Amino acid sequence: MEIRNLHRPFEIQLLEVLEYEAKLHRNLFFEMVFVLEGKGIQIINDHRLPYGPDKLFLIFPQDTHSFEVTQKTRFLFIRFHHSYLKTQSTEWVQKLEFIFHNHNHLPGCILKTVTDKPLVRAIAEALIREDHSDFPQQQEVIKQLLNTIITVAARNISIISPFDANSSSTDTSLDLLNYVHHNIYQPQQLKAKKIALQFNVSDTYISEYFKAKTKQSMQNYIIAYKMKLIETRLKFTNMQINEIVYEFGFSDASHLNRLFKKHTGLNPTEYKKQFRNIQ
């Protein structure tokens, strides 16, 4: 299988095709694909689904993907590398983390809000115009437009599986996990009493309730999810260890080091160094 890399922080490609090379490939970068016109089939990780105009797809590193074009198609590809993520704010990286850890990696458009489809089309068309211009601050404008699309994507993924403790959803396990995801940066909201209150369960029973519904220990799941996010921080940002300690509510760096090493076999500094050595 072909492996594709990206040698710039980000790139934009407008592609008009009557057919798309069917060979499945895997990227070493993040990719967003917006369909301006055309029809066909999108394939991600052996899953297939029809595509059409105004569809936005997310493709992550290690996903295998391709398209089968049945009607002349104009794709806008937006690609960005790990190095681009390191230049962004913590808030923006949190949006990307939410996408990465909550998206199901299945084919299909992630835009679920009707008004967001024309919004993303307008941004996509602006990206194309800006990419072909020679105006001052061109790259800064492109970055802002790119970040706006990612923010809209994050919003729509949160709509796909929103947390609502009072909903009539039959899948309580998803509600419990979504609650953890939405409150992972607010340690006070992840205390047993708070979770119990949200789900109308006794605080002495909430741990047993969580495990019964999700097949996982509540405390272990919260810690494991934090560790996944911290791995993202170490890979994609230049945050210092003490900043990560503060953001995730650890008592001190030694507390973080101990948990992270138990989870990955390396302390945070070793993990960051190892990841950079394989880039």
Side-chain angles (χ1 to χ4, degrees), residues 60-62 85 90-105 154-155 157-237 239-275:
F60 296 97
Q62 304 308 310
L85 306 184
T90 298
E91 181 182 0
W92 191 87
V93 172
Q94 286 180 3
K95 290 185 175 71
L96 185 70
E97 287 174 339
F98 184 84
I99 290 174
F100 190 87
H101 292 291
N102 290 276
H103 185 53
N104 56 20
H105 292 241
R155 176 170 72 187
I157 286 175
S158 70
I159 291 170
I160 292 171
S161 57
F163 164 72
D164 182 357
N166 297 314
S167 72
S168 58
S169 169
T170 57
D171 198 341
T172 307
S173 64
L174 286 179
D175 285 342
L176 284 162
L177 298 182
N178 284 332
Y179 178 86
V180 171
H181 298 171
H182 278 272
N183 291 282
I184 199 67
Y185 301 106
Q186 303 175 65
Q188 292 301 316
Q189 296 301 315
L190 296 179
K191 290 186 179 298
K193 287 186 178 181
K194 286 286 187 178
I195 299 176
L197 183 63
Q198 287 289 343
F199 289 88
N200 299 314
V201 175
S202 164
D203 56 337
T204 59
Y205 175 62
I206 185 60
S207 294
E208 185 179 343
Y209 178 80
F210 190 99
K211 189 167 186 177
K213 295 296 183 180
T214 68
K215 312 303 180 187
Q216 302 173 77
S217 156
M218 182 172 72
Q219 194 60 33
N220 286 348
Y221 184 82
I222 292 171
I223 291 172
Y225 188 62
K226 280 188 178 183
M227 294 303 107
K228 283 184 181 180
L229 297 182
I230 290 168
E231 286 182 43
T232 305
R233 286 287 190 280
L234 297 171
K235 289 177 182 178
F236 303 142
T237 78
M239 288 181 68
Q240 300 299 309
I241 301 302
N242 62 339
E243 294 177 295
I244 296 174
V245 167
Y246 175 78
E247 183 179 16
F248 286 91
F250 291 100
S251 56
D252 53 37
S254 63
H255 183 203
L256 168 59
N257 286 342
R258 185 171 64 255
L259 286 175
F260 192 84
K261 189 165 186 176
K262 182 178 179 180
H263 178 76
T264 66
L266 300 169
N267 67 42
T269 302
E270 292 168 339
Y271 183 88
K272 176 177 277 194
K273 184 177 180 180
Q274 181 188 66
F275 180 79

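The model shown is predicted, which means the values in this text are computed figures rather than measured ones. Both backbone and side-chain heavy atoms feed into the values below; hydrogens, waters and symmetry mates do not. Residues take their numbers from the sequence shown, with the count starting at 1.
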Return the minimal non-hydrogen interatomic distance between [X] and [Y], and the atom names on each side.
{"X": "Met239", "Y": "Arg233", "value": "SD-CD, 3.1 Å"}
{"X": "Lys194", "Y": "Gln188", "value": "CG-O, 3.1 Å"}
{"X": "Pro187", "Y": "Gly249", "value": "CG-CA, 4.0 Å"}

For the residue pair Lys213 and Phe199, would you count it as a cation-pi contact if the rule is NZ or CZ under 6.0 angstrom from the ring centre and within 45 degrees of the ring axis?
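No, Lys213 does not lie over the aromatic ring of Phe199.
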
So how far is it from [X] [atom1] to [Y] [atom2], rounded to the nearest 0.5 Å?
{"X": "His263", "Y": "Lys226", "atom1": "NE2", "atom2": "NZ", "value": "13.5 Å"}
{"X": "Ile206", "Y": "Asn200", "atom1": "CD1", "atom2": "CG", "value": "10.0 Å"}
{"X": "Ile241", "Y": "Asn257", "atom1": "CD1", "atom2": "CG", "value": "6.5 Å"}
{"X": "Lys261", "Y": "Thr269", "atom1": "NZ", "atom2": "OG1", "value": "11.0 Å"}
{"X": "Gln219", "Y": "Leu190", "atom1": "CD", "atom2": "CG", "value": "9.0 Å"}
{"X": "Asn220", "Y": "Gln216", "atom1": "CG", "atom2": "CD", "value": "9.0 Å"}

Test Leu259 against Met227 for side-chain contact (heavy atoms from CB on, under 4.5 Å), laying out the working first.
CA-CA 8 Å; Leu259 286 175; Met227 294 303 107; 4.3 Å; yes

Got [X] and [Y] here, is their nearest side-chain heavy-atom distance under 4.5 Å?
{"X": "Val180", "Y": "Phe210", "answer": "yes"}
{"X": "Ile195", "Y": "Gln198", "answer": "no"}
{"X": "Leu176", "Y": "Tyr221", "answer": "no"}
{"X": "Tyr209", "Y": "Met218", "answer": "no"}
{"X": "Pro268", "Y": "Leu256", "answer": "yes"}

Sidechain-backbone polar pair: Gln186 side chain, Asn183 backbone, donor-acceptor under 3.5 Å:
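Looks like no, no N/O pair under 3.5 Å.
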
Are any side-chain N or O atoms of Tyr179 and backbone N or O atoms of Gln189, one a donor and one an acceptor, separated by less than 3.5 Å?
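Confirmed, Tyr179 side chain pairs with Gln189 backbone.
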
Taking everything shown except Tyr246 itself, do over 12 heavy atoms lie less than 6.0 Å from its OH?
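Counting other residues, nucleotides and ligands, OH of Tyr246 stays at 12 neighbours or fewer.
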
Would you please classify the geometry between the Phe250 ring and the His255 ring as parallel, tilted or perpendicular, with 30° and 60° separating the classes?
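Perpendicular, since the angle between the ring planes exceeds 60°.
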
What class does the angle between the rings of Phe260 and Tyr271 fall in, given that below 30° is parallel, 30 to 60° is tilted and above 60° is perpendicular?
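Phe260 vs Tyr271 ring planes: perpendicular.
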
